[in-house]
Amino acid sequence: MITLENNNIILTGEKGKIIVTSEDEVLLKFGMLYEGECEGMDVKKAAKKFGYTRQRYYQLLNAFKNNGLSALKSKKTGPQTNYRRTDEALRQIIRHRFLDPNASAEVIAQKMTQAGFLISVRTVQRVISQFGLQKKNSTSATQQKTHST
């Protein structure tokens, strides 16, 4: 039998019990499937007991049947690749910076957009910072020369 108590999952059998924290998402999902499929609990009740919907129950059941226990682990959400900051986009931003060191991030972003790259000013700023391509401040360089002499 599986019970939820004080943020813990308690698995109880004839000879004892095992206590696992509810932070173990794989065990939590598996416990729900176990109760629904093996213990005969109503799917809606099992899903509600573990904090899921009936629809999510069936999604997890299908994933488990097809790919086993590892399919119950949540995957990273959001884009899986850097679709804006591609290698070519990085090369072009760096190229524009070297061709015109005084060009602002806004100007470079505009040139990139004209060349067919959908890229924001903030992305250009990040690339410039990442590769250390910031403009040199001429006033601080002048001040350093006067202080050192």
Side-chain angles (χ1 to χ4, degrees), residues 2-11 18-38 41-149:
I2 299 173
T3 54
L4 299 173
E5 201 175 288
N6 298 328
N7 290 333
N8 292 319
I9 301 167
I10 302 171
L11 304 168
I18 296 175
I19 300 173
V20 182
T21 66
S22 62
E23 293 172 8
D24 187 341
E25 65 171 338
V26 174
L27 185 60
L28 188 69
K29 292 172 183 176
F30 182 74
M32 176 184 66
L33 295 177
Y34 177 81
E35 292 224 326
E37 297 298 306
C38 301
M41 183 182 280
D42 179 59
V43 170
K44 191 174 181 179
K45 279 185 179 180
K48 186 176 181 180
K49 177 180 177 180
F50 289 87
Y52 292 99
T53 63
R54 192 174 57 83
Q55 179 183 6
R56 185 68 178 138
Y57 175 94
Y58 285 113
Q59 290 171 347
L60 291 170
L61 179 61
N62 189 41
F64 176 73
K65 284 180 178 178
N66 291 330
N67 299 311
L69 203 55
S70 63
L72 300 181
K73 183 166 175 52
S74 294
K75 291 164 183 58
K76 182 181 168 189
T77 60
Q80 303 301 312
T81 60
N82 223 344
Y83 65 99
R84 296 273 192 230
R85 285 178 60 177
T86 61
D87 289 341
E88 183 59 26
L90 291 175
R91 282 192 289 273
Q92 291 302 317
I93 291 169
I94 294 167
R95 179 180 155 270
H96 283 295
R97 187 59 165 196
F98 278 111
L99 289 174
D100 186 1
N102 293 321
S104 67
E106 291 82 7
V107 171
I108 294 173
Q110 184 179 16
K111 288 180 180 181
M112 294 291 292
T113 302
Q114 290 170 349
F117 292 94
L118 296 175
I119 204 151
S120 69
V121 174
R122 181 67 186 122
T123 299
V124 173
Q125 291 169 337
R126 286 183 180 133
V127 172
I128 289 170
S129 292
Q130 177 185 354
F131 291 97
L133 302 173
Q134 296 90 345
K135 294 180 193 175
K136 300 226 185 223
N137 191 346
S138 60
T139 58
S140 63
T142 309
Q143 289 173 350
Q144 285 178 347
K145 285 183 182 178
T146 58
H147 288 299
S148 63
T149 52

Got [X] and [Y] here, is their nearest side-chain heavy-atom distance under 4.5 Å?
| X | Y | answer |
| --- | --- | --- |
| Val26 | Leu69 | yes |
| Thr123 | Val121 | no |
| Leu27 | Leu72 | no |
| Thr21 | Ile9 | no |

Counting only heavy atoms not in [X], do more than 12 fall under 6.0 Å of its [atom1]?
| X | atom1 | value |
| --- | --- | --- |
| Gln80 | CD | yes |
| Lys76 | NZ | no |
| Leu99 | CG | yes |

- request: Quick one: do Ile19 and Leu11 satisfy side chain to side chain contact (heavy atoms under 4.5 Å, CB included)? Show the steps, please.
  value: CA-CA 6 Å; Ile19 300 173; Leu11 304 168; over 6 Å; no
message: Could you report the tightest heavy-atom contact between Gln125 and Ala105, atom names first, then the distance?
response: CG-CB, 3.5 Å
message: Quiz question: by atom type and distance under 3.5 Å, do the side chains of Glu37 and Tyr57 form a donor-acceptor pair?
response: yes
query: How about Arg85 and Gln130: does a side-chain donor come under 3.5 Å of a side-chain acceptor?
result: yes
message: Is it the case that the side chain of Asn66 and the backbone of Asn62 share a donor-acceptor pair, with hydrogens and angles ignored and the cut-off at 3.5 Å?
response: yes
Salt bridge (charged side-chain N to carboxylate O under 4.0 Å, His left out) partners for [X], two or more places apart:
| X | result |
| --- | --- |
| Glu25 | Lys29 |
| Glu88 | Arg91 |
| Lys49 | Glu35 |

- prompt: Looking at residues at least two apart in the chain, or sitting in another chain, which of them share a side-chain contact (heavy atoms from CB on, under 4.5 Å) with Gln134?
  reply: Ile128, Ser129
- request: Kindly write out the residues that satisfy side-chain contact (heavy atoms from CB on, under 4.5 Å) with Phe131, not counting sequence neighbours, or none if the list is empty.
  value: Leu90, Ile94, Val127, Leu133
task: Report the distance from atom OH of Tyr52 to atom CD of Gln59, rounding to the nearest 0.5 Å.
output: 11.5 Å
- prompt: Looking at CZ of Arg95 and CD1 of Ile108, how far apart are the two atoms once the value is rounded to the nearest 0.5 Å?
  reply: 11.0 Å
- prompt: Does Phe64 have its ring centroid less than 6.0 Å away from the ring centroid of Phe30?
  reply: yes
message: Give me each pair satisfying side-chain hydrogen bond (donor to acceptor under 3.5 Å, both in side chains) with a member in residues 106-116, each pair once, sequence neighbours excluded.
response: Ser104-Glu106
- request: Check Leu60, Leu33, Leu4 against Phe50 for a side chain to side chain contact (heavy atoms under 4.5 Å, CB included) and give me the one that passes.
  value: Leu4
- request: Take Phe117 and Ile93 through the test side chain to side chain contact (heavy atoms under 4.5 Å, CB included) and record every step on the way to the result.
  value: CA-CA 10 Å; Phe117 292 94; Ile93 291 169; over 6 Å; no
